[in-house]
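All remarks here apply to the structure that follows.
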Amino acid sequence: MAEQREIKENNAWHKAVILFITVLVITAIVALVTTAVLQNQPLLQKYKYGIVLDAGSSHTAVYIYEWPAEKENDTGRVQQTHACKVKGAGISSYSVFPGQAGASLKSCMKEAESLIPLRRHHETPLYLGATAGMRLLRMENQSLSDLVLGSVEEALRSSPFSYQGARIITGQEEGAFGWVTVNYLSDRLKQGSGTTGALDLGGASTQISFVANQDGAEESAENAVTFRLYGNDYFLYTHSFLCYGKDQVLKLALSQQTQSGDSSVLDPCFHPGYSVDRDYSSVYSSPCVMTGKPLVSRDSFTHIGTGNASQCQEVVRRIFNFSGCSFSRCSFNGVYQPPLQGPFGAFSAFYFVMNFLNLTSDSLERSREKLALYCSTPWTQIKQQHPDVKEKYLAEYCFSGSYILSLLTDGYNFTSDTWTHITFIKKISGSDAGWTLGYMLNLTNMIPAEAPETPPLPHAGYITLLFFISLLLFFFLLFLSLRSRWPRCNSQTQII
Ligand SMILES: O=P(O)(O)OP(=O)(O)OP(=O)(O)OC[C@H]1O[C@@H](n2cnc3c(O)ncnc32)[C@H](O)[C@@H]1O
Ligand SMILES: [Ca+2]
C-alpha cells in the first residue's frame with residue numbers, strides 16, 4: 001500500500017513537472033515567434049515601391065523603385081525595377097494645350113498599376129519633379145506653367161497611388177540629388193569612403209556636383225549643399241546651368257551664327273552635305289536666346305554643314321562667357337567653382353553622345369582626334385552607317401560631342417590628366433543615374449542621418465535561432481516524457 005501510494009505520488013509529481021515544462025515550452029515558443037515576427041514585421045510583405053516622374057525638358061520618364069520591406073533604412077537597397085518613357089515631348093511642350101499634359105502620362109501610369117502589386121498601390125508614394133523645360137516655361141509665362149502642372153497633378157491624383165505632389169525642382173536639388181543617386185547606388189555613402197562627383201547633361205540644363213572644401217560655402221552660399229547621411233557629413237558644391245542643356249545650347253549657337261541675316265548658314269558643327277531649312281522661330285522663341293531674330297522678311301534660313309571640328313570648337317566656345325569672375329575662381333558665366341575633386345560619373349546626354357561616338361574610354365587628345373574625323377564625315381555616309389538612329393540625334397552628334405568636350409575642358413576645367421577621372425555612365429547596378437532616386441530617398445527619409453543600429457541578428461538569423469531553440473525544446477520535452485515513464489515501468493515490475 002505504501003509502495004502504491006509512493007508510485008501514485010511519483011506519478012503526480014511527474015505529471016506536475018511535465019505540465020510545468022509543457023507550459024514553459026509553449027510560452028517560450030510563443031515568445032520566440034512573437035519576437036521574430038516583431039523584429040521582422042513584414043515577413044509576408046516582400047517589397048515596397050515608390051514612383052518618381054522625371055518631367056524633363058525633352059521627355060517625361062516614369063521610374064518605379066522597389067526595396068525589401070524590412071530593410072528600409074539600409075543604404076544601397078532601393079533599386080529601379082522599371083522605367084517607362086512617356087510618348088511625345090516633355091510636359092513644357094503642352095503650353096499650347098495645357099489640359100493634355102496630364103493625359104500624356106496615362107499609359108505609363110497604367111503600366112505602373114499593372115507592375116506594382118494591388119495591395120501596395122495605396123501606400124506607394126508618387127512624386128513628379130519637373131526640371132529645366134518647366135523652369136523656362138515658368139520664366140516665360142507663369143500662368144501657363146501653373147496650368148500644365150495643374151493638369152499633371154489632376155492626372156496623378158486620380159491614380160491609385162499615394163500622390164505626394166508635383167513641382168518644379170530647383171537646379172540645386174537636381175544637381176544634389178543626382179549626386180546622392182550616384183553615390184547611393186555605388187554604395188559609397190554606407191562605406192563613408194570617398195565619393196563620386198555627378199555630371200548631368202539634359203536638354204535644357206546641365207548640372208555639376210562634387211564634394212568640395214567647406215570654405216567654398218563662404219564664397220558662394222548658393223552653390224553649397226550639406227548632407228548628413230549615414231553618420232557622415234558631406235559638403236557639396238553644386239551648380240545647374242540653365243540654358244546649357246544640349247538642345248538649348250544648339251539654339252544659342254545657331255542664334256549667334258544667324259545674326260547676319262544671311263539666307264544660309266555654314267555650320268562647321270554639322271556634317272558636310274547636311275542641308276536643312278529651319279524656321280527662325282525654332283531658334284529665337286526660347287527664353288535662353290536673348291538676341292532677337294535678324295531683321296529680314298524671311299521666316300527661315302538654310303542650315304548647311306561644313307564638318308570642321310576646330311572651327312566648331314570656336315563656335316561652341318563663344319557660347320560661354322569667360323570674363324567677369326567675382327570669386328577666387330570660376331567655371332564660366334561668372335559662376336564660382338572650387339577645384340575639381342574626382343572621380344566623376346557623367347550621365348544623361350553626356351553618356352548618350354559619348355557612347356554613340358565611341359569616346360567613353362579614350363584620352364582627351366584621342367577623343368578630339370576621333371571627333372574631328374567623325375565631324376568631317378559626309379552626311380550621306382553617316383546616314384548610311386546608322387540607318388536605325390533617329391535623324392535628329394544623328395545630325396547633332398558632332399555638335400553635341402564638340403559641346404561636351406568644350407564644356408568639360410574650357411567650362412569646368414578638366415585637363416588631359418583629370419579627363420581620366422570621368423566615367424560615362426548610364427546605369428549603376430541596374431538603376432538609371434539621375435536625380436529621381438536621390439529625390440525619393442530624401443523625401444521618404446530612406447537615408448538616415450545617423451548609421452542605423454544594426455539589429456542583433458539579421459532576419460535569417462532569427463528564423464534559424466527560432467528553429468533550433470524549438471527543436472531543442474522539443475527534444476528536451478520528449479526526453480522528460482520518456483524519462484517519466486521509466487520509474488512507472490520499474491515499479492510495476494517490482495509489484496509483479
Ligand atoms: O534635364 P532636362 O534639361 O530637363 O532635360 P531632359 O531630362 O529631358 O534630358 P535627357 O537627359 O532625357 O536628355 C538629354 C538630351 O539628350 C537627348 N537624347 C536622348 N536620348 C538620346 C540619344 O540616344 N542620343 C542622343 N541624344 C539623346 C534628349 O533629346 C535631350 O536633348
Ligand atoms: Ca534631366
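Throughout, residue positions are numbered sequentially from 1 according to the sequence presented. Just follow the structure's listing: the first ligand is 1, and inside any ligand the first atom is 1.
For the two cysteine residues Cys84 and Cys108, the thiol sulfurs sit under 2.5 Å apart. Cys pair Cys312 and Cys398 fails the test of SG atoms under 2.5 Å apart.
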(request) Take Lys85 and Glu111 through the salt bridge (Lys or Arg N to Asp or Glu O under 4.0 Å) test and state the conclusion after the steps. (result) CA-CA 11 Å; Lys85 201 173 167 198; Glu111 214 171 285; over 6 Å; no
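Counting heavy-atom neighbours within 6.0 Å of Lys87 NZ, excluding the residue itself, gives a total of 12 or less.
Scanning the protein heavy atoms around atom 19 (C) of ligand 1, the nearest turns out to be Tyr393 OH, 3.3 Å. Closest to atom 4 (O) of ligand 1 among all protein heavy atoms lies Thr131 OG1, 2.6 Å. Looking only at protein heavy atoms, the nearest one to atom 10 (P) of ligand 1 is Ser58 OG, 4.0 Å. Nearest non-hydrogen protein atom to atom 9 (O) of ligand 1 is Gly203 N, 3.3 Å.
Residue Leu201 touches ligand 1 through its backbone alone, judged by heavy-atom distances below 4.0 Å. Contacts between Tyr397 and ligand 1 below 4.0 angstrom, taking non-hydrogen atoms only, involve the side chain exclusively. Residue contacts with ligand 1, taken as heavy atom pairs separated by less than 4.0 Å, involve His59 via backbone and side-chain atoms alike.
Ring geometry, Phe356 versus Tyr397: the interplanar angle falls under 30°, so the pair is classed parallel (tilted spans 30 to 60°). Between Tyr63 and Tyr65, the ring planes lie parallel to each other; the angle is under 30°, not in the 30° to 60° tilted range.
Looking at Glu174, Met134, Arg135, Lys246 and measuring to atom 17 (C) of ligand 1, the nearest heavy atom belongs to Lys246. For atom 15 (C) of ligand 1, the choice among Ala349, Gly434, Gly178 with the nearest heavy atom turns out to be Ala349. By heavy-atom distance, the residue among Ser348, Ser400, Ala204 lying nearest atom 3 (O) of ligand 1 is Ala204.
With respect to the salt-bridge test (charged N to carboxylate O, under 4.0 angstrom), the residues Lys48 and Glu66 do not qualify. A salt bridge links Glu113 with Lys110; the closest basic N to acidic carboxylate O contact falls under 4.0 Å.
Residue contact check: Asp247 has heavy atoms under 4.0 Å from atoms 30 (C), 31 (O) of ligand 1. Each of the atoms 4 (O), 6 (P), 7 (O), 8 (O) of ligand 1 lies under 4.0 Å from some heavy atom of Gly56.
Considering backbone and side-chain N/O atoms, Asp54 never comes within less than 3.5 Å of an N/O atom of ligand 1.
Atom OG of Ser57 sits about 9.5 Å away from atom CZ of Arg135, to the nearest 0.5 Å.
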